[in-house]
Amino acid sequence: MEPEHDVQALSDVDVHVYEAVAGGAGEHGSIGLDALVHSTGLPAEEVRESLERLVGQRYVRPAGQGYGLGQHTFGVWR
């Protein structure tokens, strides 16, 4: 069964991490954990937990040594 994509169910932390992945992945194709921790200003453990949720819902996907955007149904406004 595929996970349900409910962007409203994402926490503020998850949205913040997603936006950081989108920004880094857009420029380089993927972004590593250290860069995500730096760009979000969040503790590494909190970023890892958020990434697990985002990967589980397919918003983010593992990409090499980092993370890239997965299948998603919403955009990030800049």
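Only heavy atoms go into these numbers, but all of them, side chains included; no hydrogens, no water, no symmetry mates. Numbering of residues begins at 1 and proceeds along the displayed sequence.
- With sequence neighbours left out, Ser30 forms a side chain to side chain contact (heavy atoms under 4.5 Å, CB included) with Ala63.
- Counting only residues at least two apart or on different chains, the side chain to side chain donor-acceptor pair (under 3.5 Å) pairs with a member in residues 33-45 are Glu45-Arg48.
- Between Tyr18 and Tyr59, the shortest heavy-atom distance links the atoms CE1-O, 3.6 Å.
- With values rounded to the nearest 0.5 angstrom, Leu36 atom CG is found 9.5 Å from Leu42 atom CG.
- Taking each heavy atom of Ala44 and Val37 in turn, the nearest pair found is CA-CG2, 3.6 Å.
- Side-chain contact between Pro62 and Val55: present, with at least one pair of heavy atoms (C-beta onward) separated by less than 4.5 Å.
- Between Val13 and Glu49, every side-chain heavy-atom pair lies at or beyond the 4.5 Å cut-off.
- Remark: side-chain polar atoms of Arg61 are paired, donor with acceptor, to backbone N or O of Leu69 under 3.5 angstrom.
- In this view, Glu52 satisfies the side chain to side chain contact (heavy atoms under 4.5 Å, CB included) rule with no residue, not counting sequence neighbours.
- Separation of atoms NE2 (His16) and OG (Ser11) is listed at 11.0 Å; rounding is to 0.5 Å.
- Of all non-hydrogen atoms in Asp14 and Leu54, the two that sit nearest each other are O-CD1, 3.7 Å.
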